[in-house]
Chemist: 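Structure in structure tokens, see below.
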Amino acid sequence: MSETQAFAPNSGPNSHCSSCGTPFGEGVSGRPRTCPACGTTAYRNPLPVAVALQPVYDTQGTALVVITRTIEPARGGTALPGGYIDEREDWRHAVVRELEEETGIEAASRDVRLADAMSSPDGHLLLFGLLPERPADDLPPSAPTDETSGRHLLRRPEELAFPLHTLAVRAWFEGRY
């Protein structure tokens, strides 16, 4: 890297061209933007997120599996299991991968159906995958993971850590999915 391309010590995210490393310059914001050195156009693409709606039933009725987050954003908050879809990953596979990573619950991607797709104000696309209802007694024991302090059952709608999770939970309890 040449001296003219040296990174500023406190440069923010997306402040440099992802192709050649040239700084975009003071006051350059918004998208798309074009690199002054190599001409590459940079877009802000949405980051797709896969979210699992896993209904379970027991003697108290039917509930949804939720987790308690141990990472930011929303550390300590209750959320549906979910996370970013990996590059070239089928969204249904991402739903079951995230469900297993965050709860230990295994499922088959062929059983996932699209319940909803919502866009957040920050540009993320959330795909809510609905899995078949299963008995709570068949679930593995709840245990902490790298991102959660474990899972529990949500028996009625409530405010969750993320507004779109709250909307999806409400829709599920109202029978719209």
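In this text, all values refer to a predicted model and were calculated from it rather than measured experimentally. We use all heavy atoms of the structure for the numbers below, so side chains are in, but hydrogens, waters and symmetry mates are not.
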Chemist: Before you tell me yes or no, could you show the steps for Val51 and Leu127 under side chain to side chain contact (heavy atoms under 4.5 Å, CB included), namely the whole-Å CA-CA distance, both residues' side-chain angles and the distance that decides it to 0.1 Å?
Modeler: CA-CA 6 Å; Val51 183; Leu127 300 175; over 6 Å; no
Chemist: Show the nearest heavy-atom pair for residues Thr40 and Cys17, with the distance to one decimal.
Modeler: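 Heavy atoms only, the tightest pair is CB-SG, 4.2 Å.
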Chemist: Of the non-hydrogen atoms in Pro81 and Val66, which two are nearest, and what is the gap between them?
Modeler: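 Minimum heavy-atom contact is CD-CA, 4.5 Å.
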Chemist: State, to 0.1 Å, how close Pro36 and Thr22 come at their nearest heavy-atom pair, and which atoms those are.
Modeler: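 The answer is CG-CG2, 4.4 Å.
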Chemist: Sequence neighbours left out, cut at 3.5 Å: what donor-acceptor pairs do the side chains of residues 101-109 make with other protein atoms?
Modeler:
{"residue": "Glu101", "atom": "OE1", "partner": "Arg97", "partner atom": "NH1", "Å": "3.4"}
{"residue": "Glu101", "atom": "OE2", "partner": "Arg97", "partner atom": "NH1", "Å": "3.3"}
{"residue": "Glu102", "atom": "OE1", "partner": "Gly82", "partner atom": "N", "Å": "3.2"}
{"residue": "Thr103", "atom": "OG1", "partner": "Leu99", "partner atom": "O", "Å": "2.4"}
{"residue": "Thr103", "atom": "OG1", "partner": "Ile105", "partner atom": "N", "Å": "3.1"}

Chemist: Taking C-beta and beyond as the side chain, do Leu131 and Val95 meet within less than 4.5 Å on heavy atoms?
Modeler: yes
Chemist: Is any side-chain heavy atom of His152 closer than 4.5 Å to one of Thr78?
Modeler: yes
Chemist: For Arg92 and Val112, which heavy atoms make the closest approach, and how far apart are they?
Modeler: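 Answer, listing the atom of Arg92 first, then Val112: CD-O, 3.8 Å.
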Chemist: May I ask you to decide if Arg151's main-chain N or O and Ser142's side chain share a donor-acceptor pair within less than 3.5 Å?
Modeler: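 Yes, Ser142 side chain to Arg151 backbone: donor-acceptor pair under 3.5 Å.
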Chemist: Say whether Leu139 and Ile67 are linked into one hydrophobic cluster, either directly or through other cluster members, by side-chain heavy-atom distances under 4.5 angstrom.
Modeler: no
Chemist: What heavy-atom pair brings Thr148 and Thr70 nearest, and what distance separates the two atoms?
Modeler: N-OG1, 3.2 Å
Chemist: Could you go through Asp90 and Arg110, starting from their C-alpha distance and side-chain angles, then the distance that decides it, and tell me whether this counts as salt bridge (Lys or Arg N to Asp or Glu O under 4.0 Å)?
Modeler: CA-CA 11 Å; Asp90 181 277; Arg110 70 178 172 275; over 6 Å; no
Chemist: How long is the gap from CD on Glu100 to OG1 on Thr145, to the nearest 0.5 Å?
Modeler: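 OG1 of Thr145 is found 11.5 Å from CD of Glu100.
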Chemist: What distance separates Ser120 OG from Leu126 CG, expressed to the nearest 0.5 Å?
Modeler: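 Rounded to the nearest 0.5 Å, the OG-CG separation comes to 6.0 Å.
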Chemist: What's the spacing between His16 NE2 and Cys35 SG if we round to 0.5 Å?
Modeler: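 Reported value, rounded in 0.5 Å steps: 10.0 Å.
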Chemist: Using the side chain to side chain contact (heavy atoms under 4.5 Å, CB included) rule, take Arg155 and Asp58 through it: C-alpha gap first, then chi angles, then the decisive distance, then the call.
Modeler: CA-CA 11 Å; Arg155 298 199 175 271; Asp58 60 16; 2.5 Å; yes
Chemist: Below 4.5 Å, heavy atoms only, C-beta onward: do Leu160 and Val169 meet side chain to side chain?
Modeler: yes
Chemist: Considering all heavy atoms of both residues, which atom of Leu130 and which atom of Tyr177 are nearest to each other, and what is their separation?
Modeler: CD2-O, 3.4 Å
Chemist: Could you state whether Leu154 and Leu53 fall into the same hydrophobic cluster, counting links through intermediate Ile, Leu, Val, Met, Phe, Trp or Tyr residues with side-chain heavy atoms under 4.5 angstrom apart?
Modeler: yes
Chemist: Does Arg33 make a cation-pi contact with Phe24, if we ask for NZ or CZ under 6.0 Å from the ring centre and within 45° of the axis?
Modeler: yes
Chemist: Without swapping roles, check the side chain of Arg134 against the backbone of Asp138 for a donor-acceptor pair under 3.5 Å.
Modeler: no
Chemist: Look up atom CG in Leu153 and atom CG in Leu64, then write down how far apart they are to the nearest 0.5 Å.
Modeler: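 Leu153 CG to Leu64 CG: 9.0 Å, rounded to 0.5 Å.
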Chemist: Would you give the length of the straight line joining atom CE of Met118 to atom CZ of Phe128, rounded to the nearest 0.5 angstrom?
Modeler: 4.0 Å
Chemist: Measuring only between side-chain heavy atoms, which start at C-beta, is Leu80 closer than 4.5 Å to Glu98?
Modeler: no
Chemist: Applying side chain to side chain donor-acceptor pair (under 3.5 Å) as the test, list every pair that has at least one member in residues 164-176; sequence neighbours left out.
Modeler: Glu174-Arg176
Chemist: Let me check something: do Phe162 and Ile85 share a hydrophobic cluster, defined by ILVMFWY side-chain heavy atoms less than 4.5 Å apart, either directly or through other members?
Modeler: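 No; tracing contacts between hydrophobic side chains, which count when under 4.5 Å, never links both residues.
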Chemist: Which pairs pass ring-ring contact (aromatic ring centres under 6.0 Å, His included) with one or both residues in residues 63-91, sequence neighbours excluded?
Modeler: Tyr84-His124
